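Worth saying up front: this structure is predicted, and the values here are computed from it rather than measured. In listed order, ligands and their atoms are each counted from 1. Computed over heavy atoms, backbone and side chain alike; hydrogens, waters and symmetry mates excluded.
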Amino acid sequence: MKGIIFDLDGVLIHTDELHYQAWKTVADKIGAPFDRERNNLLRGVSRMESLEIILQGVSQKYTEEEKVSLATEKNGVYRNLLKTLKRTDVADEVRVTLAQLKAKGLKLAIGSSSKNARFILEQVELIDEFDAISDGNNITNSKPDPEVFLKAAEYLGLDEKDCYVVEDAAAGIQAAKAGGFKAIGMGEAAKDPRADYKLSTFSDILTIVS
Ligand code: BG6
Ligand code: MG
């Protein structure tokens, strides 16, 4: 294997929790039922698709314009939370593991549905650790479509069969398998039977690739 493509939110950093808090603010405002279980359905899917999942819980119909406004509001709350992120929000275990994977000669990429991925990576001083970044700005279809990972592999100059994908989302595991990658599940996705490998802790990746 020659490369590893990492999801960002919920894999390298706890921004999945910040997504939850920002959506919770909007959901409470419109009276949509929203809890951590429903939040798991939003993992890996785009901002607008996430909103559609939340709106399934309300009978009121929203126009496209109103939907865009709700999604923009959520992103505003989320961006304010992101501004507080700093270097120490990435666990030492993550930084050390990434350095060790690089030392083994593996190429590292980001494969995230988020349009805020670069901003987050800059905030936490992780951006220089990656050879390529594929994110919500360079794709048409969000996970479970494999596009974001196929683009990441292309940017690395690698074939999908030579790359692992590390994911915390069911949609991400599905995308990885659809694209022909080896899927490594962590967090929520460690329960997914489609994952080829499961992590109990981030540094377990070193055992998988050795
Ligand atoms: C993914 C998250 O990484 O990015 C999703 O798991 C989120 O929950 C998606 O909806 C899009 O993020 P953003 O930052 O572009 O709203
Ligand atoms: Mg994720």
> Which residue from V45, D7, L42 reaches closest to atom 7 (C) of ligand 1 through any of its heavy atoms?
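Looking at heavy atoms only, the winner is V45.
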> Mark up the atoms of ligand 1 that fall under 4.0 Å of a heavy atom belonging to G44, in ascending order.
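Near G44, meaning under 4.0 Å from one of its heavy atoms, ligand 1 has 2 (C), 5 (C), 6 (O).
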> Is it true that N116 and D135 share a donor-acceptor pair across their side chains at a distance under 3.5 Å?
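Checked: D135/N116 side chains show no N/O donor-acceptor pair below 3.5 Å.
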> Side chains of N40 and R43: is there a donor and an acceptor less than 3.5 Å apart?
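Short answer, yes.
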> Using a 4.0 Å cutoff against the non-hydrogen atoms of S50, which atoms of ligand 1 qualify?
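Selected atoms, number and element: 10 (O).
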> Would you kindly specify which portion of S114 sits under 4.0 Å from ligand 1, judged on non-hydrogen atoms: side chain, backbone, both or neither?
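Near ligand 1, S114 shows its backbone as well as its side chain.
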> Which is the closest N/O/S atom of D7 when seen from the Mg ion (ligand 2)?
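In D7, the N, O or S atom with the shortest distance to the Mg ion (ligand 2) is OD2.
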> Taking only heavy atoms of Y78, which atoms of ligand 1 are found under 4.0 Å from at least one of them?
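Checking each atom against Y78, I get 14 (O).
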> For F181, does the six-membered ring have the charged nitrogen or CZ of K177 within the cation-pi criterion, i.e. under 6.0 angstrom from the centroid and within 45° of the normal?
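Judged by the rule, K177 and F181 form no cation-pi pair.
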> Answer yes or no: is there an ion pair linking K24 with E17, defined by an N-O contact shorter than 4.0 Å?
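Salt bridge between K24 and E17, a charged N being under 4.0 Å from a carboxylate O: no.
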> What is the closest protein heavy atom to atom 16 (O) of ligand 1, and at what distance does it sit?
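Of every protein heavy atom, R47 NE, 2.7 Å lies nearest to atom 16 (O) of ligand 1.
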> Relative to ligand 1, is A169 under 4.0 angstrom through side chain, backbone, both or neither, heavy atoms considered?
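It is neither part, as no heavy atom is under 4.0 Å.
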> Is there a nitrogen or oxygen of K115 sitting under 3.5 Å from a nitrogen or oxygen of ligand 1?
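Among all N and O atoms of K115, at least one is under 3.5 Å from an N or O of ligand 1.
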> Which atoms of ligand 1 sit under 4.0 Å from any heavy atom of R43?
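Taking each heavy atom of R43 in turn, ligand 1 has 6 (O) under 4.0 Å.
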> Do ligand 1 and D9 have nitrogen or oxygen atoms that lie under 3.5 Å from each other?
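For ligand 1, there is an N or O atom that lies under 3.5 Å from one belonging to D9.
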> Do other residues, nucleotides or ligands put more than 12 heavy atoms under 6.0 Å from the CG atom of D35?
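Yes, because the 6.0 Å sphere around CG of D35 holds more than 12 heavy atoms from other groups.
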> When you draw lines from the Mg ion (ligand 2) to OD1 of D168 and to O of D9, what angle lies between them, to the nearest 10°?
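Between OD1 of D168 and O of D9, at the Mg ion (ligand 2), the angle is about 100°.
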